[in-house]
Amino acid sequence: MEASVPTHSEKSEDTAPSTSKTSGQGEDGPKLKKASLKRTTGKPTNAKAKKRKKARVSRPVPLGYTVHQGEDMLLVISSSTSQYSGSAWSPPKKGSKKKKLTKGKGKANLINKKKTVRAKPKVANIPVVKEIVDTNLFVPQKATDHRWGQSLPEEVLVSIFQMVVVQDGAIPFLCRVGRVCRLWNAAASSPVLWRKVTVGHCWIASGKTQLPKTEMKIKETFDWLAQNRFSQLRNFSLCHWKKNVTYAVEVVSQFCPNLLSLKISSCTGLAAAAFHSLGLHSRSLQCIDLQYTEFQVEGLLEYLENHGSQIKQILFTHGIKNDRLLAAITKGSCPDLELLEVNTKLDSKDCELPVFIHALQMACPKLKTFRMLNVRPLHKTMRNSADSSLGFPLLEELCIATTSFSYMTDKDLWDILFGSTRLRVLDLRGCSRITPSGLSSLPCLELECLFWGQYFSSNVGIASPKKELHMVTQKWSRTLQQLDIANQLFSEDDLEIAMSHLAQATESNTLHSLNLSGTRITPPALRPVIGQTTALSYLNLSSCRYLPRGMKRIYRGQEDIRQLLDKL
């Protein structure tokens, strides 16, 4: 408003052209008129006005409060040293991303905003009240979170942690949640959660060298875990360690008196000192699993000689040195052995293993599970030794599976199972010399799983087409739950008769898995099985050349199988 009011000098200058025009001076009149037009543009007057405005803008002493816009459009009036000046939710300073102001309205608006902020002297007593209200908006949340953590029962946390431990393991999950708060630390320290522990690549990746500081840190951490967490440890597993394997086993054996199972998988450097420590401290140990692990065989043989009577399960990998373990077991070092597994890698070339079956039957009469995975057993007889008349009376599972070929015959299979009336699982994958008549003569009457597929990659050992499959399905039609005859060379008629026996056993309705991949199964032979066995949930018809196109695949679920029945 002040800029629009003309001054006294401006009035006198504006009246000059009118006086000159009345005097009648010819050319001077227009010149004076032009001069008056230039003066009316207002440039010199605006320049003076700007200087006066700048002089008027004074910076008094800043007030002791500022205004912030908080959450939910809340205006917070606080002192210059308020705790909200650096809060996360306070708006950014206007000067951080300020655009260049143009000459004119923008600058005037900025002056007006500054004036409106300073023009409220009556609210000087409000900051204290506002600070109290605003601090109460945040402090109770922290207190509430603290009360929630303290009021949650420790048993509930232990139950939650137990579900995670069953799925993901105790380490490193419990070590991480124990650092959240005191309540979680107390729950994570419960001995119930530390009964089964698996330690893998927690500090360093496999194949990389360890620095001295890293190795010392590993030992210190392992010592602390053994002393403070492993008091009720039952099952311990160590995987993919290349160093400190002996040290870890010694520490676990010393601080875990209730250790039942020890698994050392894909490790190297297990010395005899570890087995010596197990013999001194782990008097409850029952299971030793050394699959794909390099260990000192002499140390384990000495341990079995002194403490083999307490061992019930042994698992190891086939090798030139490791085969001495099977000889020691055959001589009677583990009389209460219930599980024996000998395996090897799939790409191993030398897989032949001499086995004295009759001596093993006499040395381990309580054997329940006997597995030889990808190992071709060579049936041997010992001189001057009486044949076992009992066999394996408690045997429930026999696995002699291989991916290449097997020397196993009907006579060899009978020598192993002639006394096994409780057999439930029979895995003969790759045993192409076994015949249906040999299977039907076995004494077991309640076989539940029969795996008899051929998965070898070469044609060595393939026998002529087999017949009389119905002898197998007829004997175990009421008890079979899984049947695998993949790539077996049975005729179409023989398969149809065999499937009819499975379809007739509808009272028990137990069959839920059927693998017919690579066989000569036909739609007429397949239709009664699918229609009668309502519990069937897995059906493999891949590579079945006698089926129409679109049906040669794997079916999962009863609904998918029912759709196949409609197509048939």
Side-chain angles (χ1 to χ4, degrees), residues 286-288 301 304-316 318 323-343 352-373 375-402 406-429 431 433-452 471-472 475-476 479-480:
Q286 297 180 0
C287 176
I288 298 179
L301 291 176
L304 294 179
E305 184 179 355
N306 298 325
H307 307 280
S309 59
Q310 70 185 39
I311 300 300
K312 296 183 179 180
Q313 298 181 6
I314 293 182
L315 302 90
F316 63 95
H318 165 66
D323 294 344
R324 298 166 57 186
L325 292 176
L326 186 59
I329 296 172
T330 305
K331 294 180 181 179
S333 59
C334 303
D336 295 336
L337 194 65
E338 297 180 357
L339 186 148
L340 176 61
E341 179 175 335
V342 184
N343 55 28
E352 297 181 357
L353 177 63
V355 181
F356 301 97
I357 295 297
H358 297 300
L360 186 62
Q361 290 172 348
M362 296 176 62
C364 304
K366 299 181 181 179
L367 195 65
K368 295 182 180 180
T369 303
F370 185 25
R371 301 172 185 161
M372 303 191 73
L373 304 177
V375 176
R376 294 193 298 271
L378 299 178
H379 185 67
K380 298 291 183 180
T381 57
M382 299 180 65
R383 296 180 178 178
N384 300 327
S385 63
D387 294 342
S388 175
S389 58
L390 297 177
F392 295 115
L394 303 179
L395 193 65
E396 298 179 357
E397 178 183 348
L398 176 64
C399 178
I400 311 178
T402 178
S406 175
Y407 301 117
M408 182 69 61
T409 61
D410 291 342
K411 183 180 182 305
D412 299 332
L413 184 63
W414 175 258
D415 291 340
I416 299 174
L417 299 176
F418 71 91
S420 304
T421 57
R422 301 183 182 182
L423 193 67
R424 297 290 184 272
V425 180
L426 181 59
D427 191 348
L428 300 174
R429 286 173 291 182
C431 299
R433 299 184 180 183
I434 301 296
T435 62
S437 59
L439 290 175
S440 61
S441 63
L442 296 177
C444 50
L445 300 177
E446 297 180 356
L447 191 67
E448 298 177 357
C449 303
L450 175 60
F451 303 98
W452 195 21
M471 298 176 65
V472 177
K475 182 175 183 177
W476 296 308
T479 59
L480 273 179

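Keep in mind that what you see is a predicted model, and the values were worked out from it rather than measured.
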For [X] versus [Y], what's the shortest heavy-atom pair and its separation?
X      : Y      : result
Ser406 : Cys431 : OG-SG, 3.8 Å
Leu360 : Phe370 : CD2-CZ, 3.9 Å
Lys475 : Ser441 : NZ-C, 4.1 Å
Pro443 : Trp414 : CD-CZ3, 3.8 Å
Ser309 : Pro335 : CA-CD, 4.0 Å
Met471 : Ser437 : CE-CA, 4.2 Å

Problem set entry | Crowding at CD, Glu305 (>12 non-hydrogen neighbours, <6.0 Å) |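 Open.
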Output the distance between atom [atom1] ([X]) and atom [atom2] ([Y]), rounded to the nearest 0.5 Å.
X      : Y      : atom1 : atom2 : result
Gln361 : Asp415 : CD    : CG    : 8.0 Å
Leu395 : Leu417 : CG    : CG    : 6.5 Å
Leu373 : Arg429 : CG    : CZ    : 8.5 Å
Leu480 : Glu448 : CG    : CD    : 9.0 Å
Leu304 : Ser333 : CG    : OG    : 5.0 Å
Leu445 : Trp476 : CG    : CH2   : 9.0 Å

Problem set entry | Steps toward side chain to side chain contact (heavy atoms under 4.5 Å, CB included) verdict (Leu326, Phe356) | CA-CA 9 Å; Leu326 186 59; Phe356 301 97; over 6 Å; no
For this session: Indicate yes or no: does Arg424 engage Glu446 in a salt bridge with an N to O separation below 4.0 Å.
Result: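 Looking at Glu446 together with Arg424, the answer is yes, because their closest N to O distance falls below 4.0 Å.
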Exercise. Is any NZ, NE, NH1 or NH2 atom of the basic residue among Lys312 and Asp336 found under 4.0 Å from an Asp or Glu carboxylate oxygen of the other?
Worked result: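 Salt bridge flag = no for Asp336 with Lys312.
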Problem set entry | Residue of the set Arg371, Met372, Glu341 for which side chain to side chain contact (heavy atoms under 4.5 Å, CB included) holds with Cys399 |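 Option passing the side chain to side chain contact (heavy atoms under 4.5 Å, CB included) with Cys399: Arg371.
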Exercise. Among Asp410, Leu426, Thr421, Ile416, which residue meets the side chain to side chain contact (heavy atoms under 4.5 Å, CB included) test with Leu442?
Worked result: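 Checked Asp410, Leu426, Thr421, Ile416 against Leu442; only one passes side chain to side chain contact (heavy atoms under 4.5 Å, CB included): Leu426.
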Within a strict 4.5 Å, meaning less than it, do heavy atoms of the [X] and [Y] side chains meet?
X      : Y      : answer
Phe392 : Leu398 : no
Leu413 : Leu439 : yes
Cys334 : Ile314 : yes
Val355 : Val375 : no
Asp412 : Ile357 : no

Exercise. Side chain to side chain contact (heavy atoms under 4.5 Å, CB included) between Phe316 and Val342: does it pass, once the steps are laid out?
Worked result: CA-CA 5 Å; Phe316 63 95; Val342 184; 3.5 Å; yes
For this session: Go through the steps to decide whether Leu340 and Cys364 satisfy the test side chain to side chain contact (heavy atoms under 4.5 Å, CB included), and finish with yes or no.
Result: CA-CA 10 Å; Leu340 176 61; Cys364 304; over 6 Å; no
Exercise. Any sub-3.5 Å donor-acceptor pair from Thr369's side-chain atoms to Glu397's backbone N or O?
Worked result: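 No, the answer is negative, given that no donor and acceptor are paired below the 3.5 Å cut-off.
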Exercise. Is there a side chain to side chain contact (heavy atoms under 4.5 Å, CB included) between Leu325 and Leu301 once you walk through the steps?
Worked result: CA-CA 7 Å; Leu325 292 176; Leu301 291 176; 3.6 Å; yes
